[in-house]
Each structure stands twice: as C-alpha cells, then as structure tokens.
2 protein chains.
Amino acid sequence: MISDTIHIAIVEDDHEIRQTLQLILDGSNGFACKYAFPDAESAIASIPNLPVDVVLMDIDLPGKSGIDATRELKRNLKSIDFIMLTVQSDDDSIFESLCAGASGYLLKDTNPADLLVHIKEVFNGGSPMSSQIARRIINSFRIIDNPLSDRETEILKLLSQGMNYKDVAETAFLSPHTVKTHIKNIYSKLHVNNRAEAIYKAIKQKLI
Amino acid sequence: MISDTIHIAIVEDDHEIRQTLQLILDGSNGFACKYAFPDAESAIASIPNLPVDVVLMDIDLPGKSGIDATRELKRNLKSIDFIMLTVQSDDDSIFESLCAGASGYLLKDTNPADLLVHIKEVFNGGSPMSSQIARRIINSFRIIDNPLSDRETEILKLLSQGMNYKDVAETAFLSPHTVKTHIKNIYSKLHVNNRAEAIYKAIKQKLI
DNA sequence: AATAAAATACCCCATAAGAGCGATTGATTC
DNA sequence: GAATCAATCGCTCTTATGGGGTATTTTATT
C-alpha cells in the first residue's frame, strides 16, 4: 500500500504469540506491524480501513475461523495478501485457505528470519509455502486411474460441451446408436446413471 | 531406491549444462549422478532399468518433450520423483508438468547449492518450487466471479450429484416447478442449454 | 419510495435421455 | 483356443429435460 515499508497486520488469538510476532516484525527493517487482532470479527471490522499490505492469519480462532475471515476480507480487498500461519496442515485446511484467497501457507514453527523472507516474497507476488505443503497441492493435480477407453473419454468430453447423441455422432463419425452404447458403458464404468453425475465425477477424477 | 545416497539421473539436451550438472551432483556428498541423457527417447529406454531416485528433467528437448517423457516414465515408475528443470515458466508448462507427474518445478538459474537442497526435499516427499511458481499454481484455485445466487449454486450442486427435478425439489423443499425455473436461470447465466455443459462450466469456473 | 434481484410456483409441448434388450467384429491377453 | 474387451450398430419404451410462456412474494439496494 505504502512504498518501501511492508505494512503487516496479525490476526492471532494467542496473546503471547501475537505480541511476540508483532514486536519482531515491527522491529525489523523494512517492516511495520502496527495492528494485531485477537479474533476474526475485530479484524474484519478494522482491516478494510487500515493501510495494510500483508495479513498474517491464524486459522484456529475463537468464533469465526481465519479462513472465513480471509474469504470475507479478500472479497473487497484484492490487493492485500494473506498468509495463513497455522499449526494445521491437513489437506482440507490448505485447500480451503487457498480457495478463500490466501497467498501463502506457513506453519507456526517457521522461524522469524524465514518469516520475514516469506512476507517479502508474498509482497513481491510470490506464494511461499513449505515444500511439504506444496507437494500436497501438487498431488491434487494427479490422475488416480482412468477406467475409460480413449473413445469413451473422447465422447465424454464432447458431452461436457453440451452435445447430444446426434451431435456427438456427427462429430465422431459414429451412429447415434453407437454413441448411446458408449455412453451407457461410461455410466456403468463410473457407476452413475446420468450425464450430470458422469461429468462431475470425471472432472473430479481428472478424466476429462 | 538405495539408501543413504540419493541417485539422480539428468535428462538435458545441452551438452555443457548436462556435464556440468552431472559433475556437481555426482561430486556432492550424499548424491550420486551416474546417468545423463540428451533426449527423452534414450531416457525412456534406460531409466526403467536403473536404480534412480530422482530425475532432473528439462522440458525443451529435441523430439519428445520432457513433459511427455515424465508422463511415460511416471506411469510405471511411481516411486521415482521428477523435478522439471527449465527456463520456461509459463502456466501451461507448469500445469502440464504437474499433471504429467512432476514433483518439483525449478528454473535453470537455480544455483547448485539450492538445487541440492531441493533434490533432498523431493526425496523426502516435498515439492520444491519458487514462490513465484507456487503463486501461479495457487491462483488456479481462485474463483473468478460467481454469477449464481446461493440457491442456484445449491441446486447446481445437487444436479451434479445426478439428481433430477423431483429429487432436487424434495431435497431443497421446493416445488419441481421452482427447481425448473432455477435451472433455467442457471443455464441462462452460464450461457449454456443443458445440464452437462452447465456442470462442466461451473466446475471449471470453480462455482461448485 | 422505487427498482432490481432472488425465490417461489405453474402450464404446454417437442425432444432428448436412459433402461433394458441383442449382436458383430477385431484386438489382446491368458 | 478361449475369454475378455473395445468398438461398432440396432430396437422399444418410459421418463426426464429444456424451451416457451406467466406471475407473486420477499429481499436487498439505491
């Protein structure tokens, strides 16, 4: 927001951690940390009116969670970067945080010197995270296993574009009857009974 | 594959880079780099029979690309970790690499000392990448903007589970007529004419 | 107070989809 | 050489879907 110095806010319920972090950050060259909140509600009320660049957000807060707070704040404050700083590293927390708009995800045992580096990285458009957490995210891109044949996958892709039997038949140079048979086999392999669920499952399993 | 020492293979077409890297890696304590290939084809032919833990893979190779090579090798060699080591950092290369099975993605200007650290990280189940690259990946989790109301989103989710008008109506305590109206509005907002395409678009745009 | 969305409900009608059948051909695998 | 699977084509029947309307009430938003 304001040049040179990176302005930070902390949202953390533990009094001890909050004060210590604030002291360290505010005392470091190039950083200012004038604002610290013990809960999501007070952060949501104040941060929109503060000159803040980066918010360090705890996930486990009393009342509203840090993920919800991030979602709400990020909605109207696109330029502020949020770093989740937490003890939790389960997949759900990570993905929810990222979907809510977090730019970084660090564990609380990150040492202060590294934390400063990571805050700078976020400020400069990066997304710091431990390589362990990165791996979890990367694994979400993997295909588990594909029960569909090439032809079936091709047809399912055409269906996902809104085509009906006739359209698919013409595109794939097939009889509509054949298309129908393929689709029935697709449903059977995916254990579904209709197009909507087939497409949903196929995308979630990265088959299309 | 074999304990203590991490066994590395390099796939890189530039003779100079390949030799230099191999020398550095093989000369480092705890690392062995006995295999280096100038192209995808020779790597694909040899690596399945070699005791290798980590492969450093260039993307830009003559003939078959490093991404394709990774995909083919990873299919049968689940336990080998692949690190893409490249000059390209465009979104497509990153995502294709991850989908192909890469565990890390580093730029070629990474210095040797860091490279060693990153190879260790991959070997220990991490996924090293620069925080700039991490940000691109994270951005893929973001919602662009959601034209659907809460009720519409709720109904679309139920549709994606394979429900028909009647099922949705019962689940959401609505008349089937109302469900139909909502669905028509969903189609209109997403600019589609049927369920399949609606679900496809909605997932791609992270609306459901 | 006025306007715009969102949420609710209903009607008609042509067509698309899905379930349940059967069948042939050519690879691949065991 | 048998068995399996992929890919192809066909039929009937019932139900679901989507397009075309209209209309009321509630809930923001201005």
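The analysis underlying the following values was restricted to heavy atoms, covering all of them including side chains, and did not include hydrogens, waters or symmetry mates.
- Note on A:N185: nothing from the nucleic acid sits closer than 4.0 angstrom, heavy atoms only.
- Between A:K64 and A:D39 no salt bridge is recorded (no basic side-chain N to carboxylate O distance below 4.0 Å).
- Put simply, NZ on B:K108 and CG on B:L56 are 11.0 Å apart, with the number rounded to the nearest 0.5 Å.
- Looking at A:R195 and B:E197, no side-chain N of the basic residue comes within less than 4.0 Å of a carboxylate O on the acidic one, giving no salt bridge.
- Across all strands shown, B:S175 has heavy atoms under 4.0 Å from sugar-phosphate atoms exclusively, and none from any base.
- Heavy-atom contacts of chain B under 4.0 Å fall on DNA chain D between two terminal nucleotides, which in 5' to 3' order are D:dA16 to D:dG21.
- Using a 4.0 Å cut-off between a side-chain N of Lys or Arg and a carboxylate O of Asp or Glu, B:D81 and A:R135 qualify as a salt bridge.
- Distance, A:H177 NE2 to C:dG22 C1': 13 Å, rounded to whole Å.
- For C:dG18, its base sits under 3.5 Å from the side chain of A:K180 at one donor and acceptor pair at least.
- Taking a cutoff of 4.0 Å between a charged side-chain nitrogen and a carboxylate oxygen, B:E154 and B:R151 qualify as a salt bridge.
- Between A:R18 and A:D58, no side-chain nitrogen of the basic residue sits less than 4.0 Å from a carboxylate oxygen of the acidic one, so the salt-bridge criterion is not met.
- Distance A:R195 CZ to C:dA16 P: 11 Å, rounded to the nearest Å.
- As a whole-Å value, the separation of B:H182 NE2 from C:dA6 C1' is 8 Å.
- Positionally, the nearest nucleotide of DNA chain D for A:V179 lies more toward the 5' end than for the other of A:V179 and B:N193.
- Both B:S149 and B:P176 lie near DNA chain C, and the one whose nearest nucleotide falls closer to the 5' end is B:S149.
- Spacing between atom CE of A:M163 and atom P of C:dT15 amounts to 21 Å, rounded to whole angstrom units.
- Phosphate proximity of C:dA9 to B:T178: present, with a side-chain N or O under 4.0 Å from OP1 or OP2.
- The nucleotide whose nearest atom lies closest to any side-chain atom of B:R151 is, among C:dA6, C:dA7, C:dG20, C:dA7.
- Between the B:T181 side chain and the B:H177 main chain, a donor and an acceptor come within less than 3.5 Å of each other.
- Taking atom OH on B:Y165 and atom P on C:dT8, their separation rounds to 16 Å, with Å as the unit.
- A:K184 has its NZ atom 7 Å from the C1' atom of C:dG20, to the nearest Å.
- As rounded to whole Å, 7 Å separates atom P of C:dA6 from atom CD of B:E152.
- Rounded to a whole Å, the CD1 atom of A:I183 is 10 Å from the C1' atom of C:dG18.
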